[in-house]
J.: 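One structure, pasted below without further comment.
FYI, the numbering just counts along the sequence from 1.
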Amino acid sequence: MTTEDAVLVRRCLRGDAAAVQALVDRFQTEVFGLCVRLLHHRHDAEDVTQEVFLRVFRSLHRWDSARPLKPWIMGIAVNRCRTWLTQRARRPELVDYLQETVASALTDDVAELLSEIQAALDELRPEYRSVFVLFHEQGQPYEDIAAALERPVGTIKTWLHRARLEVLERLRRRGMVSTEFGLDDPAGNPPKRGTK
């Protein structure tokens with residue numbers, strides 16, 4: 001895949017419009033999905049997605065062809081989202097950003113649980129939230145997340161474990177999960193019990 005990435009990047013750097021479009025088409029859905037999850041607002045995510053690709057094409061000559069392209073692009077997306085959130089926090093909000101309406105098919109309990117999980121994610125440190133979203137919602141492997149965030153895999157596993165614990169703790173405080181349920185291992189498996 002790295003060879004294919006390198007060829008695509010070289011074509012982009014030569015100004016090949018078809019290659020530029022191919023690169024955007026290849027990564028746009030994942031970048032936009034990540035931005036929506038981190039920013040919690042579709043319009044902001046659209047703006048940031050555009051900024052991400054502007055940054056990608058501005059910095060493409062600095063991409064290390066020995067490394068996969070996708071984690072590099074996702075790292076730019078995470079950084080742009082962080083910057084956007086910082087800027088948004090500094091200016092007064094005219095509108096409360098609300099999650100999109102939960103589909104009517106969901107029961108009240110499921111909707112409430114999803115709402116509590118989202119609220120818990122909102123309270124996480126930005127790096128914990130990024131790792132949680134990249135792993136659980138984007139399905140990215142540890143190695144790609146580590147490359148995107150420029151951190152060791154061990155750090156990513158630790159951040160993910162801490163994020164899970166903080167989400168679980170909030171759910172416990174709100175009475176959404178039993179106090180019997182816990183996360184004792186970094187993979188997030190419930191602790192083993194003597195009986196089933």
J.: Between atom CG of L34 and atom OG1 of T29, what is the distance when rounded to the nearest 0.5 Å?
T.: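 Nearest 0.5 Å value for the CG-OG1 distance: 12.5 Å.
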J.: Please step through side chain to side chain contact (heavy atoms under 4.5 Å, CB included) for the pair D144 and Q138, ending with a clear verdict.
T.: CA-CA 11 Å; D144 286 359; Q138 297 280 321; over 6 Å; no
J.: Check whether any side-chain N or O of R11 sits under 3.5 Å from a backbone N or O of D16 as a donor-acceptor pair, and report yes or no.
T.: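 Side chain of R11 to backbone of D16: no pair is present.
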J.: If every non-hydrogen atom of V52 is compared with every non-hydrogen atom of A77, which pair is closest and at what distance?
T.: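 Answer, listing the atom of V52 first, then A77: CG2-CA, 3.6 Å.
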J.: Tell me, please, which residues at least two apart from Q28 pass side chain to side chain donor-acceptor pair (under 3.5 Å).
T.: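 Counting only residues at least two positions away or on another chain, Q28 forms no side chain to side chain donor-acceptor pair (under 3.5 Å).
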J.: Where is the tightest heavy-atom contact between H61 and L13, given as atom of each residue plus distance?
T.: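 So the two residues come closest at N-CD2, 3.8 Å.
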J.: Evaluate D5 against R26 for side chain to side chain contact (heavy atoms under 4.5 Å, CB included), listing each step before the verdict.
T.: CA-CA 11 Å; D5 290 343; R26 187 162 156 200; 2.5 Å; yes
J.: Looking at CG of L121 and CD of E166, how far apart are the two atoms once the value is rounded to the nearest 0.5 Å?
T.: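 If I round to the nearest 0.5 Å, the distance is 10.5 Å.
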J.: To the nearest 0.5 Å, what is the distance between CD on E123 and CD on Q118?
T.: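 Those atoms lie 11.0 Å apart.
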J.: Please examine the side chains of F132 and R162, heavy atoms only from C-beta on, and report whether any two atoms are closer than 4.5 Å.
T.: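 In short, these two side chains do not touch, never coming nearer than 4.5 Å.
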J.: Would you say L39 and L54 are hydrophobically clustered, going by side-chain heavy atoms of ILVMFWY under 4.5 Å?
T.: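 Per the 4.5 Å side-chain linkage, L39 and L54 are not co-clustered.
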J.: Do L160 and I145 make a side-chain contact, defined as non-hydrogen atoms from C-beta onward lying under 4.5 Å apart?
T.: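 No, every pair of side-chain atoms sits at 4.5 Å or beyond.
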J.: Write down the atom of A6, the atom of S65, and the distance for their closest heavy-atom approach.
T.: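 That closest heavy-atom pairing would be CB-CB, 4.3 Å.
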J.: With rounding to the nearest 0.5 angstrom, report the CG to CZ distance, L168 to R173.
T.: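 Between L168 CG and R173 CZ, I get 10.5 Å after rounding to 0.5 Å.
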J.: Just how far is it from atom CG of L8 to atom CG of L60, taken to the nearest 0.5 Å?
T.: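 Reported value, rounded in 0.5 Å steps: 8.0 Å.
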J.: Using the side chain to side chain contact (heavy atoms under 4.5 Å, CB included) rule, take L165 and E169 through it: C-alpha gap first, then chi angles, then the decisive distance, then the call.
T.: CA-CA 6 Å; L165 289 175; E169 182 54 35; over 6 Å; no
J.: Please round to the nearest 0.5 Å and tell me the distance separating atom CZ of F57 and atom CG of L23.
T.: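 CG of L23 is found 4.5 Å from CZ of F57.
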J.: Do other residues, nucleotides or ligands put more than 12 heavy atoms under 6.0 Å from the CD atom of E150?
T.: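 No, not enclosed.
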J.: Quick one: list whatever passes side chain to side chain donor-acceptor pair (under 3.5 Å) with R125, sequence neighbours left out.
T.: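 By the side chain to side chain donor-acceptor pair (under 3.5 Å) rule, R125 matches E127, Y128.
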J.: Does the side chain of S130 reach to within under 4.5 Å of the side chain of W159, using non-hydrogen atoms?
T.: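 Side-chain contact under 4.5 Å: no.
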J.: Output, in order, the C-alpha distance, side-chain angles, deciding distance and verdict of side chain to side chain contact (heavy atoms under 4.5 Å, CB included) for W72 and V56.
T.: CA-CA 9 Å; W72 181 75; V56 165; 3.9 Å; yes
J.: Using side chain to side chain contact (heavy atoms under 4.5 Å, CB included) as the criterion, point out the one residue from T86, V48, V133 that pairs with C81.
T.: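 It is V48, the one option of T86, V48, V133 that forms the side chain to side chain contact (heavy atoms under 4.5 Å, CB included) with C81.
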J.: Of all residues at least two apart in sequence or in a different chain, which pass the ring pair (Phe, Tyr, Trp, His ring centres under 6.0 Å) check with F135?
T.: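 Scan of F135 (ring pair (Phe, Tyr, Trp, His ring centres under 6.0 Å), adjacent residues dropped) gives Y142.
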J.: Thinking salt bridges, do D122 and R170 make one under a 4.0 Å N-O criterion?
T.: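 No, D122 and R170 are not salt-bridged.
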J.: Is it the case that one hydrophobic cluster holds both V7 and L69, taking links as side-chain heavy atoms less than 4.5 Å apart, direct or via other members?
T.: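 Hydrophobic grouping puts V7 apart from L69.
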